[in-house]
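Down below is the structure, laid out as structure tokens.
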Number of protein chains: 2
Amino acid sequence: MPRKKANKSFCSAARALEVLGDRWTFLLIREVVFGTRRFDEFVSHLGIARNVLTARLNALIDADILEQLPVRDDAVRTAYHLTEKGRDLLPALIALVQWGDRWLQTPDSIPIQIIERKSGKVLPPMRPLNRSGKALTLSDLDWTPGPGAADPRIAPLIAAYEKQRRIEPRPVPAPKKSKKEKST
Amino acid sequence: MPRKKANKSFCSAARALEVLGDRWTFLLIREVVFGTRRFDEFVSHLGIARNVLTARLNALIDADILEQLPVRDDAVRTAYHLTEKGRDLLPALIALVQWGDRWLQTPDSIPIQIIERKSGKVLPPMRPLNRSGKALTLSDLDWTPGPGAADPRIAPLIAAYEKQRRIEPRPVPAPKKSKKEKST
DNA sequence: CAGTATCCAGTTTGATACTG
DNA sequence: CAGTATCAAACTGGATACTG
């Protein structure tokens, strides 16, 4: 019996991917970011089945990531737009695109470059920063239980982490085998 | 007939989500980040079916995101570790977690906080920056075709974007309807 | 322990036809 | 144009039993 309905994940990113992780959903958001607004435009750009498109669009509206707004000069038609919540996906989307550009493309295959409108320059890679603006890597980070850490869906992992933290000071020590190949 | 095999997406982020977007895959990466290393640990933490776990782990190894390294003092056992490519997912994962924390959780339900190991302070939200370190929003950005823009899987979208760019100066103008509810 | 093999039910998809 | 309805085929996941 696939996919228990009750199994709502508790981790923020896992929850996020429950909405966004679908094969089509992300492409739809990309379309909207690029200005696609109408049902049949989605169909023709993506080749998505109409019933599937309906389902995805509704899921995104339910998730408050898209909204349907009336088109000016038209009493009937509507257009899909990002909500504030949808626009706030921007950092995650850019970080994901940049990772894909680094590791899944070759320099010659990158399809779209993200630039600053004013300067026309390509954005530098996003990195996690501390409050002073210093870039951090995995070994600079640590995790600490938040207010919701007691939830049984996450507690076992946290317990395991706390336990092995004493043995293994860093969450993920670099393995000895060094790697050279990039953008395979 | 679901899922055409040939339909490999071309967009970097869509490609990234073809690997990561699965319901389990992300949870597996989270486990590894937190130090889970062994097959049966994954099973017991996540309740994932063993055959599904095998498939996901192999997919991540094929994608060069995880690798299996020998365990010291053990000639037989192996342990799963992130590769460099896997560790480089960190910015995207953090951005996603932070979005989820903002929009999918309440202040009381946040399960884990990401802190700087040295200072113990919670990381500030990641944002796209320009080269001078200034934070950018959607309307500060623009998109320009890269070397691979001619690929038919992306060309229609780029063409549509270039066309409507003259009409709609900004990719996504803020809709007039203002919103107040957060973390619904 | 770390998987592999099998089974089957439930879910999802793409295609197609239809409606306001 | 913007969907809704229907359907068979394909995929997926969970459970279970088995192996080195």
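Both backbone and side-chain heavy atoms feed into the values below; hydrogens, waters and symmetry mates do not. In what follows, chains are A, B, ... by sequence order, proteins preceding strands, each numbered from 1. This is a predicted model, so every value here is computed, not measured.
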(request) Indicate, with yes or no, if A:I110 and A:I114 share a hydrophobic cluster defined by side-chain heavy-atom contacts under 4.5 Å among Ile, Leu, Val, Met, Phe, Trp and Tyr. (result) no

(request) Give the rounded distance in Å between these two atoms: CD1 of A:I48 and P of C:dT12. (result) 14 Å

(message) When you compare the side chains of B:T83 and B:E67, does any donor N or O come within less than 3.5 Å of an acceptor on the partner?
(response) no

(request) Could you state the atom-to-atom distance from NE2 of B:H45 to P of C:dC1 in whole Å? (result) 12 Å

(request) Grab the CG-P distance between A:L57 and D:dG3 for me, whole Å please. (result) 7 Å

(message) I want to verify a distance call: between C:dG14, D:dG13, C:dG3, whose nearest atom is closest to the A:W24 side chain?
(response) C:dG14

(request) In whole angstrom, give the distance that lies between atom CD of A:Q68 and atom P of D:dC1. (result) 16 Å

(message) How many whole angstroms separate atom CG of B:N58 from atom C1' of C:dA5?
(response) 14 Å

(request) Please report, rounded to the nearest Å, how far the P atom of D:dG13 is from the CG atom of B:L27. (result) 12 Å

(message) As a quick check of understanding, evaluate side-chain hydrogen bond (donor to acceptor under 3.5 Å, both in side chains) for A:E41 and A:T36, giving each step before the final call.
(response) CA-CA 7 Å; A:E41 289 179 320; A:T36 304; 5.1 Å; no

(message) Rounded to whole Å, please give me the gap between CG in B:L53 and P in D:dT16.
(response) 17 Å

(request) Give the nucleotide from the list C:dG3, C:dC1, C:dG14 with an atom nearest to the side chain of B:D40. (result) C:dC1

(message) Under the criterion salt bridge (charged side-chain N to carboxylate O under 4.0 Å, His left out), I'd like the reasoning laid out for A:D140 against B:K118: C-alpha separation, chi angles, the key distance, then a yes or no.
(response) CA-CA 7 Å; A:D140 297 318; B:K118 214 167 76 177; over 6 Å; no

(message) Just the rounded figure in Å: distance from P of D:dG14 to CZ of B:F42.
(response) 16 Å

(message) Looking at C:dT11, which nucleotide sits across from it as a Watson-Crick or G-U wobble partner, both distances under 3.5 angstrom, or is there none?
(response) D:dA10

(message) Can a donor-acceptor pair be found, under 3.5 Å and without considering hydrogens, that links the side chain of B:R23 to the backbone of A:E18?
(response) no

(request) Tell me whether the OP1 or OP2 atom of D:dC11 has a side-chain N or O from A:R23 closer than 4.0 Å. (result) no

(request) Tell me the partner of D:dG20, counting only Watson-Crick (N1-N3 plus N6-O4 or O6-N4) or G-U wobble (N1-O2 and O6-N3) with both under 3.5 Å; none if nothing fits. (result) C:dC1

(request) Establish, with yes or no, whether the OP1 or OP2 oxygen of D:dG3 is under 4.0 angstrom from a side-chain nitrogen or oxygen of A:T54. (result) no

(message) Using the side-chain heavy atoms of A:R56, tell me which of these nucleotides is nearest: D:dG13, C:dT13, C:dG14.
(response) C:dT13

(message) Side chain of A:F39 only, heavy atoms from C-beta on: which candidate in D:dG14, D:dG3, C:dA2 is closest?
(response) D:dG3

(message) Whether the side chain of B:N51 and the base of C:dG3 hold a donor-acceptor pair under 3.5 Å is what I'd like checked.
(response) no

(message) With a 3.5 Å cut-off and heavy atoms only, can you find an N or O donor on one side and an acceptor on the other between the side chain of B:R50 and the base of C:dA2?
(response) yes

